[in-house]
There are 2 protein chains.
Amino acid sequence: MARSAESTRQRILAAAYVLFRQRGYSRVSMDEIASATTVTKRTLYNHFQSKDQLLAAVLETQNELALAAFKTFGDQLTGSPSAIVDGLFRDLAVWADKPRWAGSGFTRLVIELADLPGHPARAIARRHKAQLETHFGDLLKRAGVRDAHRRAREIWLLSEGAISLMLVHGDRTYAAAAAEAAKRLLRGSSR
Amino acid sequence: MARSAESTRQRILAAAYVLFRQRGYSRVSMDEIASATTVTKRTLYNHFQSKDQLLAAVLETQNELALAAFKTFGDQLTGSPSAIVDGLFRDLAVWADKPRWAGSGFTRLVIELADLPGHPARAIARRHKAQLETHFGDLLKRAGVRDAHRRAREIWLLSEGAISLMLVHGDRTYAAAAAEAAKRLLRGSSR
DNA sequence: GCTTAAGTATACCGGTTAGTGAATTTACAT
DNA sequence: ATGTAAATTCACTAACCGGTATACTTAAGC
């Protein structure tokens, strides 16, 4: 083996994710990714066959990371259903308040590629969102919510809607409105 | 004057909208738009200074059209709050069921340009969504809903979320779930 | 110290893109 | 019929993009 081997691959994946999340897929070039990783374009192509496959690998990696992060986050939330919802949307508001926030990388990329149903990135993003929704449903169930997975889906709808509308309007009070609605939905669903 | 004059401009705007909505902004070329309008690229640039300004003009036009359409749609809905919500989400499901559906053109384009806060398209899209939300609020108010505009915002969040998740999953039952949630939110808000 | 995988440097290819220039042709209004 | 606005034709630029080729250098393991 020579030099760093596997770590180079990780550096590429990390740099590519930052760029893709920030500016989407088409408007990020391979030269740019190479430059951000301080690596030659040739090295990029030694690790990934094409730009599309790089994107797929990036999403796969981020799926694992985000899922792990969400599970840790969920384990911290052990209070009432209302507290869980408040925590979820508070985190959303904080996240959306970052200077150059551009929404969920997954959603953003899927919407950019919405006319390419066969793109590998879409299957990964789909699985990702499904896993998050399911995990959130488990969380609500553990907190004693009736019809937990149905409520989880509804709250997830509110959360995705808030992301969209905050992006369009730049108005992060949508997170608070979504939180209020979510708590209204939970009312009368405590077991 | 010569030939068709203003009508050419309208043809360009219509063709460009179809392409932008279908495939986004970056991946549609000016040559393609010209070809779809059966017009020369030179003519395109006689009517619009740049691709960005063409996009802005397209959104401006579609804003007027969509707003008018939504107002007609709203006038047809004169029943109970539940009936209004059902109508809204039934229309959403039908819309999303179209073969090559790719979400709301406005949302799609804003998300693609999420990292360009100064882009003219964003201001137009923002105004568009705000007008729709306000009009929907008026509709609920007329139907006797308490806190009508707050409820309208919450239901709008559900609707935007449904669009996002239907795009990601290709599963149009999200519209039904959103409708159920919306009706739950309205429960106890009838005046 | 040699081997060998990993990375560098750099030039290149074919294709596409937004946008321009300039001369020409079309069609409508008077 | 004639002026003129509108549209055509088509060649062209300058930049960018994904991806490849070749020859060279580096560093780690044995």
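Note on naming: letters A, B, ... go to the chains in the order of the sequence lines (proteins, then strands), and numbering restarts at 1 for each one. Any value given below was found using the heavy atoms of this structure, including those in side chains, with hydrogens, waters and symmetry copies removed.
- Grouping Ile, Leu, Val, Met, Phe, Trp and Tyr residues whose side-chain heavy atoms lie under 4.5 Å apart, directly or via other members, places B:Val168 in a hydrophobic cluster with A:Val110.
- Distance OH/B:Tyr174 to CD/A:Glu160: 9.0 Å, rounded to 0.5 Å.
- A close approach under 4.0 Å does not occur between any side-chain nitrogen or oxygen of A:Thr8 and OP1 or OP2 of C:dA6.
- Distance NZ (A:Lys41) to P (C:dC12): 14 Å, rounded to an integer number of Å.
- Contacts with DNA chain C (heavy atom under 4.0 Å) in residues 24-37 of chain A: none are found.
- A side-chain donor-acceptor contact under 3.5 Å links B:Arg108 to the backbone of A:Glu112.
- Heavy-atom nearest nucleotides on DNA chain D were determined for B:Asn46 and for A:Tyr45, and the one closer to the 5' end corresponds to B:Asn46.
- Between the side chain of B:Glu133 and the backbone N or O of B:Ala152, no donor-acceptor pair lies under 3.5 Å.
- Looking at the side chain of B:Thr40, the nearest of the listed nucleotides D:dT9, C:dG7, D:dG19 is D:dT9.
- Using a 4.5 Å cut-off between side-chain heavy atoms of Ile, Leu, Val, Met, Phe, Trp and Tyr, B:Tyr25 falls into a hydrophobic cluster with B:Ile12, B:Leu13, B:Tyr17, B:Leu19, B:Phe20, B:Val28, B:Met30, B:Ile33, B:Val39, B:Leu44, B:Tyr45, B:Phe48, B:Leu54, B:Leu55, B:Val58, B:Leu59, B:Phe106, B:Leu109, B:Leu113, B:Leu116, B:Ile124.
- What separates NE2 of B:His47 from C1' of D:dA7 is a distance of 8 Å, to the nearest Å.
- Distance, A:Gln49 CD to D:dG18 P: 16 Å, rounded to whole Å.
- Using a 30° and 60° split on the angle between ring planes, B:Trp156 and B:Phe136 fall in the tilted class, from 30° to 60°.
- Put simply, the side chain of B:Lys51 and the base of C:dG19 share no donor and acceptor less than 3.5 Å apart.
- For the helix from C:dG1-D:dC30 to C:dT30-D:dA1, the angle separating the two terminal helix axes comes to 10°, with each axis derived from five pairs and the value rounded to 10°.
- In the displayed structure, A:Arg172 atom CZ is contacted under 6.0 Å by at most 12 heavy atoms of other residues, nucleotides or ligands.
- Residues that satisfy the side chain to side chain contact (heavy atoms under 4.5 Å, CB included) test with A:Arg184, not counting sequence neighbours, are A:Arg187, B:Arg151, B:Glu154, B:Leu185, B:Ser189.
- In this structure, the CZ atom of A:Phe48 is 18 Å from the C1' atom of D:dT20, given to the nearest Å.
- Comparing B:Thr43 and A:Arg42 by the nucleotide of DNA chain D whose heavy atom lies nearest to each, the residue mapping closer to the 5' end is B:Thr43.
- When rounded to the nearest whole Å, the span between CG of B:Leu44 and P of C:dG21 equals 17 Å.
- Between the side chains of B:Ser29 and B:Asp31, no donor-acceptor pair is found at a separation under 3.5 Å.
- A heavy atom closer than 4.0 Å to some atom of DNA chain D occurs in no member of residues 10-21 of chain A.
- In this structure a side-chain-to-backbone donor-acceptor pair under 3.5 Å is missing from A:His169 to A:Asp171.
- Of all heavy-atom pairs between A:Ala175 and A:Ala93, the closest is CB-CB, 3.9 Å.
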